[in-house]
Amino acid sequence: MNFIKTNINQKDKKQVYRMTKGDSEKVQNLEKGRSLPVDLYAVYTEEKARNKQDGTIETYTDTVLTFTSGNLKVGTISQTFIKSFLEIVDIMGDEDFAIIITGGRTKSGREFVNCELDCDA
């Protein structure tokens with residue numbers, strides 16, 4: 001595991017575990033339009049393995065985002081969501097912020113999830 005960007009204390013093993021290994025709500029299951037104040041966040045890479053149809057094992061790397069909002073922990077591997085989230089983090093710096101869950105449907109009919117800064121929070 002390699003942290004890309006985070007505001008957690010990486011020396012706090014329980015906090016690292018909570019953000020990287022514990023269960024989380026999938027961001028795509030959250031109600032669109034919902035505002036969530038962001039407390040802790042972690043963007044990290046994680047190596048995984050999967051069995052291919054020919055019996056070989058393929059190793060790949062996922063980029064994962066988890067964040068907490070109160071007692072709720074949310075996670076996603078959506079690159080669209082992660083990119084927007086990191087843009088918000090860069091703009092806000094050390095200031096507190098909240099995000100609004102957004103999303104929609106692509107031209108091909110696939111659903112996607114995204115976020116934007118809640119400027120009213």
Side-chain angles (χ1 to χ4, degrees):
M1 174 180 354
N2 178 40
F3 284 99
I4 297 170
K5 195 158 202 160
T6 186
N7 67 349
I8 68 169
N9 177 357
Q10 295 177 47
K11 293 180 182 181
D12 182 336
K13 293 177 184 180
K14 290 179 181 177
Q15 199 171 62
V16 170
Y17 177 85
R18 179 170 188 238
M19 295 302 287
T20 62
K21 300 299 180 195
D23 287 340
S24 63
E25 181 72 34
K26 291 181 179 179
V27 74
Q28 59 264 35
N29 294 341
L30 298 177
E31 176 186 350
K32 305 291 185 282
R34 182 175 180 181
S35 177
L36 295 168
V38 175
D39 301 320
L40 299 174
Y41 66 88
V43 179
Y44 59 96
T45 58
E46 185 172 66
E47 270 195 25
K48 295 187 177 186
R50 65 177 154 224
N51 293 325
K52 293 175 67 175
Q53 288 183 359
D54 64 5
T56 61
I57 297 176
E58 177 182 54
T59 302
Y60 65 99
T61 302
D62 263 343
T63 301
V64 182
L65 163 65
T66 58
F67 67 91
T68 60
S69 182
N71 292 327
L72 177 66
K73 179 182 160 199
V74 180
T76 188
I77 59 172
S78 164
Q79 295 306 299
T80 300
F81 192 98
I82 293 170
K83 180 179 182 272
S84 294
F85 186 92
L86 288 174
E87 288 172 347
I88 293 168
V89 167
D90 287 343
I91 290 169
M92 295 306 293
D94 292 336
E95 292 182 41
D96 291 341
F97 66 93
I99 60 169
I100 298 173
I101 305 298
T102 64
R105 208 173 273 286
T106 65
K107 291 179 184 176
S108 63
R110 292 186 59 198
E111 286 194 31
F112 69 93
V113 66
N114 205 347
C115 66
E116 61 185 45
L117 180 64
D118 186 345
C119 295
D120 296 326

Out of curiosity, [X] [atom1] to [Y] [atom2], how far, rounded to the nearest 0.5 Å?
X	Y	atom1	atom2	result
F112	Q28	CZ	CD	13.0 Å
I82	I4	CD1	CD1	7.5 Å
E31	I100	CD	CD1	12.0 Å
T61	E47	OG1	CD	4.5 Å
T102	K32	OG1	NZ	8.0 Å
T66	Y44	OG1	OH	5.0 Å

Taking the side chain as every heavy atom from C-beta outward, state whether [X] and [Y] have any pair of such atoms under 4.5 Å apart.
X	Y	value
I101	I99	yes
V38	V89	no
F97	I91	no

Heavy-atom closest pair, residues [X] and [Y]:
X	Y	result
V16	Q10	CG2-O, 3.5 Å
C115	I88	SG-CD1, 4.1 Å
S69	P37	OG-O, 2.7 Å
S24	V74	CB-C, 4.0 Å

Residues in salt bridge (Lys or Arg N to Asp or Glu O under 4.0 Å) with E111, at least two apart?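 So E111 forms a salt bridge (Lys or Arg N to Asp or Glu O under 4.0 Å) with R105.
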Sequence neighbours left out, what passes salt bridge (Lys or Arg N to Asp or Glu O under 4.0 Å) with D90? Give chain and number order.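 Checked D90 against salt bridge (Lys or Arg N to Asp or Glu O under 4.0 Å); matches are K5.
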Does anything in residues 72-85 form a side chain to side chain donor-acceptor pair (under 3.5 Å)? List the pairs, not counting sequence neighbours.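 Pairs touching residues 72-85 that pass the test: K83-E87, S84-N114.
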Given 3.5 Å as the limit, does a donor-acceptor pair link the side chain of N7 with the main chain of D39, or not?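 Yes.
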Are the side chain of T6 and the backbone of Y41 linked by a donor-acceptor contact shorter than 3.5 Å?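 Between the backbone of Y41 and the side chain of T6 there is a qualifying donor-acceptor contact (under 3.5 Å).
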Please report, to 0.1 Å, the donor-acceptor pairs under 3.5 Å made by any side chain of residues 49-57, with sequence neighbours excluded.
| residue | atom | partner | partner atom | Å |
| --- | --- | --- | --- | --- |
| R50 | NE | E58 | OE1 | 2.8 |
| R50 | NH2 | E58 | OE1 | 3.3 |
| D54 | OD1 | T56 | N | 3.0 |
| D54 | OD1 | T56 | OG1 | 2.7 |

Same apolar cluster (I L V M F W Y, side chains within < 4.5 Å links), [X]/[Y]:
X	Y	value
L86	F67	yes
M92	L65	yes
F85	L117	yes

For E46, the side-chain hydrogen bond (donor to acceptor under 3.5 Å, both in side chains) test, sequence neighbours excluded, returns K21
Atom [atom1] of [X]: over 12 foreign heavy atoms under 6.0 Å:
X	atom1	value
I77	CD1	no
D62	CG	yes
N29	CG	yes
Y60	OH	yes

Taking only residues at least two apart or on different chains, which pairs with a member in residues 8-20 satisfy salt bridge (Lys or Arg N to Asp or Glu O under 4.0 Å)? none
